There are 2 protein chains.
Amino acid sequence: MTRAQSGNRPAFDTLIQMAALHGAPDNPAACPIRDVLDRVGQKWTLLILIALTPGPRRFSALQRQVGDISKRMLTQSLRQLERDGLISRQVYPTKPPSVEYALTELGQSALDPIAVLTDWADRNHDRIRAARTAFDATA
Amino acid sequence: MTRAQSGNRPAFDTLIQMAALHGAPDNPAACPIRDVLDRVGQKWTLLILIALTPGPRRFSALQRQVGDISKRMLTQSLRQLERDGLISRQVYPTKPPSVEYALTELGQSALDPIAVLTDWADRNHDRIRAARTAFDATA
DNA sequence: CAGCATCCCCATCGATACTG
DNA sequence: CAGTATCGATGGGGATGCTG
């Protein structure tokens, strides 16, 4: 079993372990990886989580901050995140009603893996783009 | 600016920074986060990367290991990963031709963030499932 | 064995319009 | 302001069959 530079031993073991059981095809939600990956794959979830990092945000504020997201998708994504316990939803019954979304503790904890991921993405984006150009040139 | 427990300071800063620029809607590939996230979101890419963690694998071996992936998607995903420079493809011109896929150094480095992610998923899957049940009960 | 080609479905997402 | 409702397009992805 060869291994290169990896500095995350415990996390790495989890990964190996996951590679072994490779998920239950009949019940995808039973496999933590697939379950979480489904959410991560959702075009907007991570962007929303990131947008909430500095602090609580209202619906419209979120929409402006994420940029090109429709109200439909924002609502949908927020619901899912709330259901998963990653964000909380607080309604203030003012005259024009306002709703504030915030990261829960669980959501906060999710930021760590996300940060590691985006950090990797940021550091290696150039290499990836270079690899693509090289590949396209060969092909 | 409130912050909870986060232990990843440098990575965290990248995240904040990303939250600020929130991507170029017109050119998604220009934003590292969205670019990488697109791949991560691909149903099979991470599973394949994980399957390659213990060492190089042949096509059929990969298909068996991942489980329920069609040859079509396996081929497609492998191509993309190869293009991105995460895996290498070595062809052995034997009588029945065999092709061996392996992680490149870049691919190896990608395992770290992935491991952190799956580790988080594994540790918090119960809480997420619990949150869902609670949410569904309330609704 | 490895993988390309074809057909087709359906989940995801966008756009628009309407409501409390 | 914060959604909901509806329609429609796009393409990811499954099933099957064929080739070198």
Side-chain angles (χ1 to χ4, degrees), chain A residues 23 25-26 28-29 34-35 37-48 51-52 56-84 87-102 135 139, chain B residues 22-26 28-29 31 34-48 51-52 56-84 87-102 135 139:
Chain A
D26 46 338
R34 298 212 184 187
D35 195 11
L37 252 46
D38 282 356
R39 305 292 180 264
V40 171
Q42 304 285 104
K43 193 170 180 181
W44 301 111
T45 41
L46 289 204
L47 280 314
I48 293 175
L52 283 174
R57 290 282 183 278
R58 305 237 316 270
F59 189 88
S60 335
L62 272 175
Q63 188 173 16
R64 276 191 300 273
Q65 188 166 344
V66 175
D68 54 341
I69 183 175
S70 64
K71 284 187 291 185
R72 182 183 190 275
M73 292 318 297
L74 183 56
T75 305
Q76 205 170 92
S77 309
L78 286 172
R79 278 284 180 284
Q80 222 173 27
L81 286 171
E82 185 194 0
R83 191 175 105 98
D84 288 355
I87 65 175
S88 64
R89 182 186 129 107
Q90 180 73 1
V91 184
Y92 297 101
T94 50
K95 300 64 159 276
S98 77
V99 181
E100 205 172 60
Y101 295 91
F135 183 89
Chain B
H22 78 268
D26 46 337
C31 174
R34 297 212 185 188
D35 194 13
V36 172
L37 252 46
D38 282 357
R39 305 290 179 266
V40 172
Q42 303 286 101
K43 192 171 180 180
W44 302 111
T45 41
L46 288 205
L47 279 316
I48 292 175
L52 284 175
R57 290 281 184 278
R58 304 238 315 272
F59 189 87
S60 335
L62 272 175
Q63 188 172 16
R64 276 191 300 274
Q65 187 165 347
V66 175
D68 54 340
I69 183 176
S70 64
K71 284 187 292 187
R72 183 185 190 272
M73 293 318 297
L74 183 56
T75 305
Q76 203 170 95
S77 309
L78 286 172
R79 278 283 179 286
Q80 224 174 24
L81 287 171
E82 185 193 1
R83 192 174 104 99
D84 288 354
I87 64 174
S88 64
R89 183 187 127 108
Q90 180 73 1
V91 183
Y92 297 100
T94 50
K95 302 65 161 273
S98 77
V99 182
E100 205 173 61
Y101 295 92
F135 183 89

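These values consider heavy atoms only, across backbone and side chains, with no hydrogens, waters or symmetry-generated copies. On a predicted model such as this, the values are computed, not experimentally measured, just so you know. The sequence lines fix the lettering, A, B, ..., with proteins before strands; numbering per chain opens at 1.
The shortest distance between the side-chain N/O atoms of A:Tyr101 and the OP1/OP2 oxygens of D:dC1 is not below 4.0 Å. At the phosphate of D:dG3, OP1 or OP2 sits under 4.0 Å from a side-chain N or O atom of A:Arg89. Side-chain N/O atoms of A:Arg58 include one lying less than 4.0 angstrom from OP1 or OP2 on D:dA2. Residue B:Lys95 has no polar side-chain atom (N or O) positioned under 4.0 Å from OP1 or OP2 of D:dG20.
Rounded to whole Å, the distance from CZ on B:Phe59 to P on C:dC1 is 11 Å. If you take CG of B:Leu62 and P of C:dC1, they are 14 Å apart, rounded to a whole angstrom. Nucleotide C:dC7 holds its P atom 18 Å from the CE atom of B:Met73, rounded to whole Å. Rounding to whole angstrom units, CZ of residue B:Arg79 and C1' of D:dG12 are separated by 18 Å. Counting to the nearest Å, the C1' atom of D:dG13 and the CD1 atom of B:Ile48 are 13 Å from each other. Residue A:Gln80 contributes atom CD, which lies 16 Å from atom P of D:dG3 at whole-angstrom precision. Computed from coordinates, the B:Leu74 CG to D:dG14 C1' distance equals 14 Å when rounded to whole Å. In this structure, A:Ile87 atom CD1 and D:dA2 atom C1' are separated by 14 Å, rounded to whole Å.
With hydrogens and angles left out, the side chain of B:Arg72 and the base of D:dG13 share a donor-acceptor pair within 3.5 Å.
Salt bridge annotation for A:Lys43-A:Asp38: absent, with no cationic side-chain nitrogen under 4.0 angstrom from a carboxylate oxygen.
With the nearest nucleotide of DNA chain C identified for both A:Gln42 and A:Lys71, A:Gln42 has the one nearer the 5' end. Nearer the 5' end of DNA chain C, as judged by each residue's closest nucleotide, is the contact made by A:Trp44, out of A:Pro97 and A:Trp44. Across the interface with DNA chain D, nearest-nucleotide mapping of A:Val99 and B:Gln76 shows A:Val99 to be the residue nearer the 5′ end.
Checking side-chain atoms of B:Ser77 against main-chain N and O of B:Trp44 turns up no donor-acceptor pair under 3.5 Å.
Of the candidate nucleotides D:dA2, D:dG14, C:dG3, D:dA2 has the atom nearest to the side chain of A:Ser98. Side-chain proximity of A:Ser60 to D:dC1, C:dC4, D:dG3: nearest is D:dC1.
The side chain to side chain contact (heavy atoms under 4.5 Å, CB included) test with B:Gln63 singles out one residue from B:Ile48, B:Asp68, B:Ile69, and that residue is B:Ile69.
Contact check for B:Thr45 versus B:Val40: no side-chain heavy atoms found under the 4.5 Å cut-off. Between B:Arg89 and B:Tyr101 there is a side-chain heavy-atom pair separated by less than 4.5 Å.
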